[in-house]
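For reference, the structure discussed in these notes is given below.
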Amino acid sequence: MATELKPLGDRVLVEPVEEKETNKSGIIIPDTAKEKPIEAVVRALGTGKTNDDGKKIPFEVKVGDRVLTSKYGGTEVKLDKKDYRLSAPTTSSA
């Protein structure tokens, strides 16, 4: 299980949510034609980021939350025959 793997710092371990095998019209989509999933479930959190004053900044997500990730970001990790992605959270200036 993913709880055996503990990310460090501000890293987050997520498990990609698999897409459905068929589309609305019933056409089966082969694995080679699928896009990488961008929806994922948070499985483990690191200790958090430390700001300039030495205080920990808490995560905005918790284990079990469904999140969106970048398609090709992070490091792919395989644990107990399951695929996970380890990544650092990104911030938006919008």
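A donor-acceptor contact shorter than 3.5 Å links the side chain of Asn51 to the backbone of Asp53.
Annotation: Ile57, atom CD1; neighbour count of heavy atoms from other residues, nucleotides and ligands within 6.0 Å is above 12.
Residues Phe59 and Thr47 share a closest heavy-atom pair of CE1-C, 4.3 Å. Residue Val61 comes nearest to Val42 through the heavy atom pair CG2-CG2, 4.2 Å, listed as atom of the first residue, atom of the second, then distance. The two residues Leu79 and Tyr84 make their nearest non-hydrogen contact at O-CE1, 3.8 Å. Considering all non-hydrogen atoms of both residues, Ala40 and Thr69 come closest at CB-CG2, 4.1 Å.
Arg11 CZ to Thr75 OG1: the interatomic distance, rounded to the nearest 0.5 Å, is 7.0 Å.
Take Lys78 and apply the salt bridge (charged side-chain N to carboxylate O under 4.0 Å, His left out) test, not counting sequence neighbours, and it matches Asp83. Every residue was checked against the side-chain contact (heavy atoms from CB on, under 4.5 Å) condition with Asp52, not counting sequence neighbours, and none meets it. In this structure, the side-chain contact (heavy atoms from CB on, under 4.5 Å) partners of Lys49, at least two apart in sequence or on a different chain, are Asp10.
For residues 56-68, the salt bridge (Lys or Arg N to Asp or Glu O under 4.0 Å) pairs, not counting sequence neighbours, are Glu39-Arg66, Lys62-Asp65.
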